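Throughout, a chain's letter reflects where its sequence line sits, starting with A, and its residues are numbered from 1. None of the values given here were measured: they were computed from a predicted structure.
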Amino acid sequence: MNTFSVLRPEHMLPVRNLSLRAKMIVEGTIAGLHKSPFHGFSSEFLEYRPYLNGEPARKIDWRKYAKSDKSVVRLYEDETNMGAHILIDKSASMGFGSSASMTKFDYGRTLAAAFAWILIRQKDAVGLAAFDERIHCYLSPKSTNLQLKNIISHLETAAAQNQTKCGDAINDVAAMIKRRGLCIVISDFFDSPENIARGLRHLRFKRQDILAIAVADPMELDFSGRSDFRLKDLETGQMITIDSQTAAKFFNQGFASHHAELKTISRELEIDFAVVTTAEPFHTSLMRVIEKRRRLF
Amino acid sequence: MLSFLSSLSFFQSAFLWASFFTAVILFLHFFRRKATKRMDISTLRFFSTAAVSQSKAKKLRQLLLLISRLLLIIVLILIFAGLHDKRGPLVALRDPQSTLYSWVDPAVSMEYMENGKTSGQRAEDILGSLVNILPSTVDHYYFDHESGRFLLSREKGAREFAGRFGPSNLEEAVNAFIAASAFAANAQFVMISDFKTSTAALFDSLSERLVETNKNVICVSVTPSKPWNHSVKVSGSSTLKNGVSAVIHADGADLDSSFVELVAGDLRIGQKKIVCVNGDSVQVTFDMPSGVISSGSWGKIELQARDPLPFDNIGYFALTAERGRTVLVVGNAKRNKVIAAALKAAAPDFWTNVSLKEGGELSYEDLNSADLVIVNSFSGQSRILESFISGSGIDRGIIICLDHYQERDFGVDFLQRSGFSMPAAKTIEKGANPVLTDTKSDLWMGFPNISSSKARIYRYRNPVPGTPLVRAGNFPLATFVKNPKLEFVLLSTPIGITDANNLCETGFFVPFVDRLSRFALKGNAQTENIWYAGHIQRNPFFGTERSGALYDKDAKLISAWSAQPFVKVDKPGIYSLTSSTGETSVISVSTHPDETEMKFKRPVIPNERGIYYFEAQELLEQIKNLSNNIWSNWLWVILGVALCAEALLFRK
């Protein structure tokens with residue numbers, strides 16, 4: 001797979017046509033051209049805006065509040081490049097795809113490349129961490145085009161294998177991050193919610209703004225079938241035989257419950273959590289993620 | 001296990017074709033069964049052990065559902081096909097395609113009253129119980145004793161028992177059953193009787209024929225548990241002179257503090273107290289007051305005692321003058337005159353009509369009207385006489401004398417044609433004396449004590465067949481020949497005027513001829529006068545070109561007798577018989593002694609050859625068990641279980 005194939009224009013063009021640049025608040029080093037959605041921790045004051053209920057109280061400008069008795073939030077205009085990390089899960093479970101064309105990993109790394117491309121275009125520094133049960137590749141954030149090439153190259157060569165220890169891997173990445181920034185975690189999050197929460201909490205501790213993207217196959221969202229199944233776990237190789245009804249009942253319930261827990265964790269840790277499916281067009285899922293993030297800020 | 005399986009059978013095996021539906025069920029099950037799809041999946045973390053267990057449970061449930069459905073179909077098929085254990089004797093009665101033929105013994109002994117119900121009614125009740133458990137499709141034919149045929153019964157339940165006098169008609173019923181069952185696929189024969197000794201013996205003689213039919217025969221005994229009976233039998237002929245005698249018999253219980261009454265006409269003549277121990281008989285004689293009762297009157301002797309079988313407690317009699325006997329002497333009339341003279345001289349009141357006929361003059365009427373036929377000095381052949389002796393010898397007295405001189409002697413030829421060896425002619429120049437070895441035997445009882453030394457036999461034939469009655473020297477003078485076809489007295493020498501002996505010239509001749517003639521008559525002397533209810537008798541008008549009418553004592557016409565050889569009176573009593581020429585006589589009809597006997601016997605049942613024997617109670621229990629057919633019950637239970645399983649296991 002070459003760069004072009006990963007960042008195919010038909011994937012990226014819709015994002016551009018939707019005036020991503022025009023709507024973004026922060027655009028890294030080329031600030032002003034676009035408003036980046038990935039802002040929130042710059043140093044140059046831009047303006048006040050009213051405090052909205054639900055926003056963290058730390059954002060309130062207490063000095064202004066003392067003077068005017070109004071709750072306002074200070075908006076800053078970035079002066080420096082944002083440091084962003086893209087964490088992509090390359091465990092074997094990501095290799096699952098009910099349709100032959102696109103596995104979850106394919107979809108995830110396409111998204112990752114897209115994010116990297118966007119961020120590099122915005123002159124933001126982007127790093128990459130690919131992990132399964134441990135971190136296999138770590139690129140510290142840089143804003144050069146070479147970095148984009150490196151990232152894309154790593155994404156191209158990565159293969160979905162080994163078991164998932166998502167929480168531990170995120171935890172390890174968090175330990176390596178020095179400065180505040182943005183973390184985009186692309187995974188199916190098939191790890192225990194407690195582990196995941198621990199890793200994400202660690203990232204939050206490192207003052208990372210986190211965008212968690214759960215990649216799911218359409219079949220995982222609606223597991224169904226007419227025949228009995230002989231199922232093989234891609235990670236463990238374990239096999240079970242189960243009838244379709246029981247399989248659908250348990251998988252759908254388990255999957256929904258797992259995602260509900262992830263959402264709860266995300267809410268607690270103030271993390272943007274989005275679920276995308278491999279059947280979804282890239283521009284749709286990208287726009288959905290970006291739009292969601294924009295609404296929050 | 002094999003014997004168990006081989007004992008199973010089906011009433012309607014055509015339903016087994018429905019087993020095809022099990023194949024349909026199996027086909028649908030396996031056809032609709034989804035093929036297992038092999039698939040890789042991102043994670044199995046959401047499939048707990050419970051999921052696998054639940055899936056396995058579901059598969060198990062589907063398997064159980066399949067089994068229950070197959071069971072349901074199979075059980076339904078078995079129920080419709082009528083699965084049963086064919087070893088049970090009564091099970092075949094549940095076959096919807098079977099036909100039941102029943103015979104209830106109509107003997108009067110079935111009137112025996114026990115626990116307030118007659119044996120006959122118990123038999124009908126049992127039959128009713130049996131009929132009630134039959135499937136509605138089964139036809140029940142009962143043996144109609146009047147018509148002698150099986151008639152289709154239109155009603156369920158017990159019928160009214162009606163006994164009848166006379167010999168058992170079991171053979172008639174068996175013949176009718178064999179004829180009817182030839183066209184019935186699954187015919188069953190149920191016979192219910194008290195199995196008197198005679199009936200059991202009759203059944204034993206018929207059982208092989210029943211076995212050959214390969215049909216189920218169910219014998220049910222309603223023999224009384226402790227039978228007892230008292231009976232009255234009028235003995236001998238009742239005359240004004242001798243009075244009326246009756247034998248009172250106590251069978252199974254003592255007879256005490258009881259009375260016997262004599263009623264003549266409508267007059268009660270006398271009464272006597274009777275005491276008789278169990279198994280013994282007492283003879284009672286009533287003198288007839290001639291001033292009051294005239295000859296030709298009738299009467300009865302009645303036992304006044306408690307009795308479970310009361311029909312034989314009355315003995316009927318008709319007062320008659322002693323009837324004279326007719327003798328026909330066939331052969332050379334000149335030589336035979338002395339025989340007629342001897343009989344007339346011996347007992348003119350008894351030998352009232354003695355006629356002489358040459359062989360060529362004989363007619364059937366002559367022979368039919370004779371009580372005794374003496375063939376003596378008859379040279380030649382007579383087909384009429386020969387067939388008469390062969391066919392009627394048992395009914396009549398016959399004496400055949402062999403002639404030494406005669407060529408083509410009838411007696412010698414008849415012996416040869418009847419399969420006996422030809423006796424050779426013998427001569428004793430000095431003659432041989434008749435030897436009377438026993439003057440107390442049946443033959444010589446009452447023979448006058450006279451010397452026979454003057455009597456001489458010079459010529460005779462020897463050897464002659466039969467049991468010697470009188471010997472002369474070292475050869476039998478008279479023998480008694482008796483076999484199933486023939487019965488006659490045979491003399492080895494002629495007894496008329498002859499030079500073969502000098503018997504007719506001595507005092508030995510008259511009593512000799514008289515006693516020999518009476519002996520020849522002995523076998524039928526009494527049966528001719530005694531009428532038994534239900535038993536056939538020779539028609540007194542047969543061959544006489546006369547007819548008659550039978551009336552009961554209330555002058556009601558019972559039957560008309562004309563040319564039929566045999567007649568029958570159904571019930572005991574006093575009847576008046578009027579001939580077409582206006583002569584009237586009284587007949588007393590009694591119960592046959594065999595019918596009053598309380599002797600029963602279990603018939604010999606050929607083991608496991610389709611004939612089954614039950615006591616009444618045993619059969620009722622079998623019927624009860626059959627009603628609760630264990631197979632049927634199990635099948636219904638299994639059906640219920642299968643339905644419950646279907647309801648519990650089925651998931652949409």
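In terms of heavy-atom pairs under 4.5 angstrom with chain B, the leader among A:Ser227, A:Ser257, A:Ser244 is A:Ser227. Chain A forms the most heavy-atom pairs under 4.5 Å with one residue out of B:Thr36, B:Asp40, B:Ile41, B:Val52, and that residue is B:Ile41. Comparing B:Arg38, B:Lys56, B:Lys59 by how many heavy-atom pairs each has under 4.5 Å with chain A, the most go to B:Arg38.
B:Phe21 CZ: 12 or fewer foreign heavy atoms inside a 6.0 Å radius. Within a 6.0 Å sphere centred on NZ of B:Lys215, other residues, nucleotides and ligands contribute more than 12 heavy atoms.
Residue A:Thr236: no heavy atom, backbone or side chain, is found under 4.5 Å from chain B. Within the 4.5 angstrom heavy-atom criterion, only side-chain atoms of A:Met219, from C-beta onward, approach chain B. Neither the backbone nor the side chain of A:Gln253 comes within contact range of chain B; no heavy atom of the residue lies under 4.5 Å from a heavy atom of that chain. Both the backbone and the side chain of A:Ala247 have a heavy atom closer than 4.5 Å to some heavy atom of chain B. Both the backbone and the side chain of A:Phe250 come within contact range of chain B, each with at least one heavy atom under 4.5 Å from a heavy atom of that chain.
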After noting the C-alpha distance and the side-chain angles of A:Phe251 and B:Phe46, does the key distance pass the ring pair (Phe, Tyr, Trp, His ring centres under 6.0 Å) rule? CA-CA 5 Å; A:Phe251 192 91; B:Phe46 305 125; 5.2 Å; yes
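Taking the six-membered ring where tryptophan is involved, the planes of A:Tyr138 and A:His85 are essentially parallel, since the angle between them stays under 30° and well short of 60°.
Every ring pair (Phe, Tyr, Trp, His ring centres under 6.0 Å) that B:Phe15 has, sequence neighbours left out, goes to B:Phe80.
Of the possible donor and acceptor atoms, one in the side chain of A:His258 sits under 3.5 Å from a partner among the backbone N and O of A:Phe189.
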